[in-house]
Each structure stands twice: as structure tokens, then as C-alpha cells.
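What's counted below: heavy atoms across the whole structure, side chains too, no hydrogens, waters or symmetry copies.
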Amino acid sequence: MKENINNLSRLSDLKKNLVENNISANAINSIEKALKNGLRFRNPADLAILNLPVSDIKILETAVTFGTPPSTTVKTFQYTFKPSENENLFYGYQFLLSYVSTEQYTIAESFPIEDLGIVYVDLDIAEIADGSKINYQVKNSIGEVVQIGFGNTSTPDVEIIEVNKTSLASAIIKVKVEKIEQSQLTPIAEGYQVKGKLICTHSEKTEGYQIVIMAALANDSNGNPDFFPVGYAVTETNGYFVTGVLVFNKPEDGERILAAKAVISKEDKVWEQPINLIRKEEAGIDTTVKTKIPGRLIIVISDKAETTKDDCDCKNDCNELNFFEKKVLEEYSYYTVVRTTEPSIIVDTIEDEEEVDLDEIYGTGGKVPLSVFRKYQVAANVMAKPMIASISNLPVNNDSGVIMRAAPNPNIRNVFNKDLLDKIVADSKVAGALKGKK
């Protein structure tokens, strides 16, 4: 047990503990002088005020405890327990100590008796009522009070030892250890699952069928097996199924089944198929026969169901289709979003438009979309063409007195009109920007 560094009442024990932990003599003397002068160490950091070596401070951090020392009335007692017989069975025992406090309350404490048989008890003598007695008891592993004796040579013959407050001291207690009779445990039947496959002669789809395993341990008043459910499963792909662990009221009931059957259902159809039980005889004084449901099962059903549900059980007095009776068919909350404007629907195909390189035609102009070039060509063809010469310079036929008409200049076809092209390009961009707008 670690000593408290601030406990002056145990100063000699503290110094002995520090020497055993290889604390230097100078450090021990410094701590002793500080304690006698009223200094208290709340934590290891407070030791720095004494300028102790770092190595000593590291050892002191784990060798002693810090903070407020325990009351001077708190005493530690050591109780050593020794079995009087059957030492190999002396385990799981408890030491009980009880007394009456100064406030007239009965205080009881319990301490486990470990392998060494030693129990340390801290008691505040000031809290024990004057003139009262402290009681010692020992209980075995099943909670029974056993006989004990006070002293190493005593014979265990009492269940309670009473000690006066003034006579409290460490002691040796002999314990009578007896063999505990244990009843023979009956073996528990292990639960198991039923795995199998469902085969339908009328359909290839066998998933989604519900299978209930029923068992009967006795007959009812009519002499028929009194079935109750013990397992459940739903078929998966290809009809395979696995139930949960079969459940019986008693574990041994799973080995004394009188009859068993499987109830298969889907939608409004129900089939029932008997299950052949596994019989096993166990030889002994009396031969016993165990019957149980097999762990693997194959169930075959045909298109004809054993039981079908009627459309309605109430027959003539049916009110299911009474439309004159007000009924709530379904309740739900909903909301709608209403658009107040009509959207503009424009049929357009987004694709890259072919371009025309004007540099190859006119030697300038760059590349323009094909639609722009077509508009440019139409506009350029309808514009007035300049003549070769002015009217005043036109030749006159003296014989007829008629002025000859001037022919258009054939080279004018390849003249590029930059202003016209720029106007068409601007008009196309404006039309594209306004498309779909109102």
C-alpha cells in the first residue's frame, strides 16, 4: 500500500518506503523538513519547490500518494483466512464485517477472499459507536454462512465472531470448508434449423411461399394431433428455404414429437403436407424412442390447394360492398404546382452549321455560316449592277439614231461587298438572340 507523502503520523513508514524506492538521502531530509514546517504537497509538481533531482521526482510520482492525508483515526487491519480442511475447495469465499456507527446505523462491508487468503480492511475507529462490537462472518461460493474460528490454532465452530472496538487488531481466522453437493444437471437438447426445398408441380416459380412447420406432442379431445407452430420460413429462388431454430416449450419436447406437418401458403391458397419423423432408439435400462423433425426436408405440392379462402365469409349479410354507407377509403395529403404562363415551344436541332470560307471565293471575308452566305448571295444578286461606261460616253448608231445599251461588267460578279455581309451577320445574331422571346 502506498504511503501518503503528507501523513506526518506515518513519517517513519514514509521514510522507510522512500529508502526502499532508492530516493536520495538529501531528498528525504528535504521532504521531512518541509512536512514538519507545515508544507503540503497536492501533486508531484509541488515537489519542484524543494529543488529535488529530476530522477527523485520521477520515482516519487509513483511511489507515494499526494493530497489530503487520511484521518489519523483510520486504521488498516490485515485478516488472514486459512481453511481447516478441503483446501482445494477454498475459493469464491467472502469476508463480511459489520458494526454500528456513531449515528446508530448498521454498516456492513463485504470483501472477496483471494488466492492468498489475505484481506486488508480500512476502518475509521471514530465512526464506530462506543461500546459496540464488530462482527466477522464468512460466506462460501453459494452464499451460505460457514463456521469460523478466531486464531491460528482454533477450531471453526461458530458462524459469527464478535470483537470489541477497543480490541480491534489484525487476526488469523480459520474457515471450515465443506464439500458442496451439486445436483446432476439434465442434458439440454440442442436446437436446430430445418433446411429444405419446395417443389411445385404446377409452376416453375417457387419463391415467396410461406412455410410453417407444425408439431404435435399429444392428441386433442377428438383424438387428432394437437398441432402448434415451431418454425417458419419463406422460400427463396428455386424454392430453397431455411427456418429459424425450432422453438418448443421445453427443450426435450423436440425429441418426443407425436406428429408433424408443413403448412404452405401463398396469396389465397394453402397446402398441408405431413412430415415423416426421424425415430431413434436409445438402449438402456428402459429403451427410449426419440422422434424428431428431420433437419432436411423436401416438400412437394400440386396445383390443387388443400384449403382455399372464400371470397367472403359473411355470405348473405355481407356489407363489404355497401356503397350507401359512408366510409373513408383513404386519407392522404397532397399539393399541386400550377404554371400560369404558357411556355414557348420551339422546334430546333442543335448541331454544328456548315461554314463557307470567303477567302477562297473573294480573297477576303473569312469564314461565315452557310445560312449567312446564302442570304448574302441572294441580296448581292438582286442589287443593281453598275454599267461599263456612262450614258454620255455610250456609242450612237448614226444610221438609226439609237443609243446602244451598255452591258454589265462581267468582272463585277466577284466584287465582295463587306458592308452587306456585316449587315446580314448582325441580323442573324439578333434573330438568334430573340428566338423564343415574346
Side-chain angles (χ1 to χ4, degrees), residues 181-318 320-321:
E181 298 295 334
Q182 297 181 351
S183 59
Q184 186 67 26
L185 298 177
T186 57
I188 299 176
E190 183 180 0
Y192 62 95
Q193 297 173 294
V194 175
K195 304 177 182 179
K197 182 177 181 179
L198 177 67
I199 300 176
C200 299
T201 59
H202 59 282
S203 175
E204 296 181 355
K205 295 182 179 180
T206 53
E207 66 271 10
Y209 284 79
Q210 296 182 4
I211 299 177
V212 179
I213 305 299
M214 311 282 287
L217 303 177
N219 294 329
D220 56 16
S221 58
N222 297 325
N224 300 320
D226 188 10
F227 289 103
F228 60 92
V230 296
Y232 170 81
V234 177
T235 58
E236 300 177 356
T237 305
N238 297 327
Y240 292 101
F241 65 89
V242 180
T243 69
V245 177
L246 301 185
V247 179
F248 295 90
N249 293 331
K250 298 179 181 179
E252 59 271 15
D253 289 346
E255 296 181 343
R256 56 184 188 89
I257 298 175
L258 177 64
K261 67 178 180 179
V263 179
I264 307 98
S265 63
K266 187 175 184 181
E267 297 176 353
D268 61 340
K269 295 184 178 180
V270 180
W271 296 263
E272 290 188 4
Q273 293 292 340
I275 297 176
N276 294 326
L277 302 176
I278 297 177
R279 296 177 60 87
K280 182 180 179 181
E281 294 185 359
E282 291 187 356
I285 298 176
D286 295 325
T287 302
T288 58
V289 178
K290 295 183 178 181
T291 54
K292 58 187 298 185
I293 298 174
R296 296 187 179 275
L297 196 61
I298 295 178
I299 303 173
V300 181
I301 59 175
S302 61
D303 57 346
K304 183 178 180 181
E306 299 291 339
T307 308
T308 57
K309 298 179 181 179
D310 296 333
D311 294 336
C312 184
D313 296 333
C314 44
K315 300 301 180 182
N316 298 331
D317 297 330
C318 181
E320 293 295 328
L321 299 178

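Interatomic distance, CD of E255 versus CG of L277, reported as 12.5 Å (0.5 Å rounding). Taken to the nearest 0.5 Å, the CG atom of N276 stands 12.5 Å off from the OG1 atom of T291. Between the CD1 atom of I299 and the CD1 atom of I211 there is a distance of 4.5 Å, given to the nearest 0.5 Å. Here the CD atom belonging to E267 is positioned 11.0 Å from the CD atom belonging to Q210, to the nearest 0.5 angstrom.
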Which pairs of donor and acceptor atoms, one on a side chain in residues 227-243, lie under 3.5 Å apart (sequence neighbours left out)?
residue, atom, partner, partner atom, Å
T235, OG1, T206, O, 2.7
T235, OG1, G208, N, 3.1
T235, OG1, Y209, N, 2.8
T243, OG1, V194, N, 3.0
T243, OG1, V194, O, 3.4

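Residue I298 places its CD1 atom among 12 or fewer non-hydrogen atoms of other residues, nucleotides or ligands, all under 6.0 Å distant. In N224, the CG atom is crowded: over 12 heavy atoms of neighbouring residues, nucleotides or ligands sit closer than 6.0 Å. Summarising the local packing, CG of N249 is surrounded by 12 or fewer heavy atoms from other residues, nucleotides or ligands at distances under 6.0 Å.
Side-chain contact between Q273 and V300 is absent, with no heavy atoms from C-beta onward closer than 4.5 Å. You'll find the side chain of I275 reaches within 4.5 Å of the side chain of P294, heavy atoms only. Two residues are said to be in side-chain contact when any heavy atoms from C-beta on lie closer than 4.5 Å; L217 and I257 meet this criterion.
W271 and K266 get closest at one heavy-atom pair: CZ3-N, 4.2 Å. Here the closest non-hydrogen pair linking F248 and A215 is CE2-CB, 4.2 Å.
With sequence neighbours excluded, the residues satisfying salt bridge (charged side-chain N to carboxylate O under 4.0 Å, His left out) with D253 are R256. In terms of the salt bridge (charged side-chain N to carboxylate O under 4.0 Å, His left out) criterion, residue partners of K261 (sequence neighbours excluded) are, by chain and number, E272.
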**Asked** Does the side-chain contact (heavy atoms from CB on, under 4.5 Å) test come out yes or no for I293 and I278, once each step is laid out?
**Response** CA-CA 6 Å; I293 298 174; I278 297 177; over 6 Å; no
